[in-house]
Amino acid sequence: MENLIVFGHKSPDTDTICSAIAMSDLQKKLGKEVKAVRLGELNKETKYALDYLGVEVPELISKVEDNQEVILVDHNEFTQSVDNIENAKIKMVVDHHRISDFKTAEPLYYRAEPVGCTCTVLFKLYKENGVQIDKKIAGLMLSAIISDTLLLKSPTKTDEDEKAVKELAEIAGLDYEKYGLDMLKAGTDLSDLSGDELINLDCKEFNLNDKKAKVAQVNTADIPEMMTRKAEFEAAMQKDIATNGVDLFVFAITDIINSNSEVIVLGNSAPIFEKAFGKTLEDNTAFLPGVVSRKKQILPVLQENA
Ligand code: MN
Ligand code: MN
């Protein structure tokens, strides 16, 4: 394996994959030997972007060798990283999430900004390093920002994301609104996935005051249609709770057109959710108007009340 590998989180999303590819491109242009890899299967939205742009899918890895030098993008929490991350030497992190349970033995480059997407930070890094962004990489970074900010509609979106989108769309030669909607829609075609696959498609594990919490999310244009499969999702969640000792499992089904979420909540610590959101679960579900961001509208609320 290369001296240096770069990867994003498990259950990879478009930002994780595109950030890994863009970061390896930037580092190569700065003279480093580096390779982008991934920790899981691509979702349909990411596949759409890579196909459209004609970009190769990074290699899948499940663990790293001892002392493997790595760059983390789009995450820092070890629960979301490669299984044996403790054995790696983390050289760099570029991220836009909370920092939790992160430690290294040696100094490192760490860049985190509270923007909507890791690729927005990378966009700035290209500029700071005086490296030109080529057309394909611009398309990838644009896809990531559209994905993470739901076409600039999420409350996580900042002016910097918007600025990056406009400039990257120009370089990529793409009408970002049309391309973005097509890409997001490609990601909502979930009919052929099992309940198990759906709860793991975009699932993140968090440590909430020593409780093991999982918050999974899927995008849809039709919440009622997704909810016809509620029993199947619940069975998959219960199985995961029993197998992995999960205390709280929140599955958010997010309507990307109207910007709302319906959640299914299970686990012994479900009362944490009820207290945090001031809602009584009905049949294990609750409707959260205006909620689309796990990072900004779900996790901090749970964290404060855990
Ligand atoms: Mn991500
Ligand atoms: Mn991201």
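Only heavy atoms go into these numbers, but all of them, side chains included; no hydrogens, no water, no symmetry mates. Each ligand, and each atom within it, is numbered from 1 in the order the structure gives.
Y48 and L150 fall within the same hydrophobic cluster, defined by Ile, Leu, Val, Met, Phe, Trp and Tyr side-chain heavy atoms under 4.5 Å apart, directly or through other members.
Shortest distance from the Mn ion (ligand 1) to D74 is reached at OD2 (N/O/S atoms only). The Mn ion (ligand 2) sits nearest to atom OD2 when only the N, O or S atoms of D15 are considered. D148 has its closest N, O or S atom to the Mn ion (ligand 2) at the position named OD2.
Here K44 contributes atom NZ and K185 contributes atom NZ; the two are 15.5 Å apart, rounded to the nearest 0.5 Å.
Not a single N, O or S atom of D202, from either the backbone or the side chain, sits less than 2.8 Å from the Mn ion (ligand 1). Distances from the Mn ion (ligand 2) show that H96 has an N/O/S atom below 2.8 Å. Because the distance cut-off is set at 2.8 Å, D13 qualifies as a neighbour of the Mn ion (ligand 1) through one of its N, O or S atoms. The Mn ion (ligand 2) lies at 2.8 Å or more from every N, O or S atom belonging to D95. Taking 2.8 Å as the threshold, H75 does not count as a candidate ligand of the Mn ion (ligand 1), since none of its N, O or S atoms lies below it.
Taking both residues in full, the closest heavy atoms of C203 and K214 are given as SG-CD, 3.9 Å, listed atom of the first, atom of the second, then distance. Minimum interatomic distance between N76 and H97 (heavy atoms only, all atoms of both residues): ND2-O, 4.1 Å.
No side-chain donor-acceptor contact under 3.5 Å links N268 and D247.
Of the options T16, D74, D148, a side-chain hydrogen bond (donor to acceptor under 3.5 Å, both in side chains) to T118 is made by D74 and by none of the others.
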